[in-house]
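The structure appears right after this line, and notes come after that.
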Protein chains: 2
Amino acid sequence: MPDRAARPATPRWIEILTRAAVADVEGSRDLKQDRSRRRQQDLLVAATRIFARDGIAKAKMADVAAEAGIPVSSIYDYYPSKEDLAYAIPIQRLTAFYAEFLAEAPSRPTMRDRLHLFLSMATDYARRNPDWARLLYLEIWPSVLIEEARVRRTIDDFGRIVVEMIREGSRLGEWDARLDPHRSATILMGSVTHMIITWLLYGRPDDLAQAAGPMVDHLLMLLDVGEPPEASSGRLRATEPGDVVT
Amino acid sequence: MPDRAARPATPRWIEILTRAAVADVEGSRDLKQDRSRRRQQDLLVAATRIFARDGIAKAKMADVAAEAGIPVSSIYDYYPSKEDLAYAIPIQRLTAFYAEFLAEAPSRPTMRDRLHLFLSMATDYARRNPDWARLLYLEIWPSVLIEEARVRRTIDDFGRIVVEMIREGSRLGEWDARLDPHRSATILMGSVTHMIITWLLYGRPDDLAQAAGPMVDHLLMLLDVGEPPEASSGRLRATEPGDVVT
DNA sequence: CGCCATATCCGAATTTTATTCACATTTATG
DNA sequence: CATAAATGTGAATAAAATTCGGATATGGCG
């Protein structure tokens, strides 16, 4: 259905980014009283700390309440469940991240530079907000069952933006157009998130910010180099009965 | 301390692999009665299904028990807690995976081929055991707090093996020895696990096995290509006060 | 400035689940 | 086939999340 022939006036990655950078806060019921807004903010900060420390599953609402200095039952005035509380955290800042990137991106001349910026900024965000990052990268991103559509979409947008930036780069002739953008995106995102996860879990590399730049440069070489030649080592197996063939 | 001058008779990746391929089952108390062994096996299978379906946190022991056809309290005859039950699952098969690879690896002539095999086999394992893979890749691998040392180590071995295989390849002159093996390992593992995760969550690529080979070939190009030139795009930021400088 | 409707707060139940326990049953072994 | 050890199990306990309903605070308005 989509009309691929006509190049849209606005590249898709900007469309997605723009939507993602706003999609946010409408989710939270608008509070009428001042004190409430302050409290909700305190609650979110407290929750980030406790969830990052204990993991969502093991964290106790009592601990979160204590950290925030409010009674347990008041939490439920803001969020319907522990899970929802947990999910509110990544949404808020991911949205902010998209907004920041949207502001920075136009100052970069090429798609390559923009990709570089996107990945570096993501890494730097994690470095500066380790509690938030633990929650996002270790608990929520991979979580099996995020029915909560808003969370899922906010996270998925990350991937969509990378894929679309790669596509745009091909279109502009910055690299070999035969590259599969999904594969390239998988490599870029997988590598970067893996580096962040390793840093969160083991503290290596010591200086994440310093490691990120060269890592991303290294990754972007793949775009320059282009498609690999025919499979070098044999396939693991031939198609088997029962396999989905496409 | 380690003596880098003398090349050890056995490469380190084989040492680690050998240990990892055995480390297993001693963890589970040896059951005297036949029926028990059968039951424990049933329990593990049931748990894999339920945990993969509902996520560890939300899954109910009652459901697991029902699926296995045993009373809830009997679960505790085998595993001291829900968590321990969950952790037993990945250990068992990861160990089996290491053993399989250990058997296959010698038949490959180069380190490059062995790396290729390792990553392809890991992908194929996930494809063939999706429930298990959901548990491992989506719930346990990234989990913030796996104190259980055995689990942590079994998983960490995965990374160690990749790093050491890359080192061995450098040593043998198969690729540029100036490459940082940790960075290369991060790229290889991150990309592959990201592909597996995407497959588990969204069913794309349709045919994981078919996608894995070319993906790994593509990744291994990075080893051939060598170190990138000096940073192409500017660093995101200069060193700031408060940063760890090494 | 004081009153009212509404929003917010919170201690005390309630509910949901994991985990433990004390006794019953089964198994391997001589 | 008797016996000790190993297993099995329903019913109790415990630990948390979540709900409830009256008490309290807030902001707009006469």
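Labels below follow one simple rule: chain letters A, B, ... track the order of the sequence lines, proteins then strands, and each chain is numbered from 1. These figures come from a predicted structure and were not determined experimentally.
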Take B:H182 and B:T186 through the test side chain to side chain donor-acceptor pair (under 3.5 Å) and record every step on the way to the result. CA-CA 6 Å; B:H182 286 290; B:T186 298; over 6 Å; no
Look at the side-chain N and O atoms of A:R39 and state whether any lies under 4.0 Å from the OP1 or OP2 oxygen of C:dT8. no
Does D:dG8 have OP1 or OP2 sitting under 4.0 Å from an N or O in the side chain of B:Y76? no
Kindly state whether the ring of B:F158 and the ring of B:F118 have centres lying under 6.0 angstrom apart. yes
Indicate, with a heavy-atom threshold strictly under 4.0 Å, whether A:A59 touches base, sugar-phosphate, or nothing. sugar-phosphate
Applying side chain to side chain donor-acceptor pair (under 3.5 Å) to A:D84 and A:S81, what does each step give before you reach the verdict? CA-CA 5 Å; A:D84 286 276; A:S81 74; 2.7 Å; yes
Choose from C:dC21, D:dT18, C:dA18 the nucleotide whose nearest atom is closest to any side-chain atom of B:M61. C:dA18
Please state whether the base of D:dG8 and the side chain of B:S74 form at least one donor-acceptor pair under 3.5 Å? no
Would you call A:E139 and A:R134 a salt bridge, using N to O less than 4.0 angstrom? no
Of the nucleotides C:dT20, C:dC10, C:dT19, which has the atom closest to the A:P71 side chain? C:dC10
State which of D:dA16, C:dC10, D:dT18 makes the closest approach to the side chain of A:K60. D:dA16
B:Y78 vs D:dG8: side-chain N/O to OP1/OP2 distance below 4.0 Å: yes
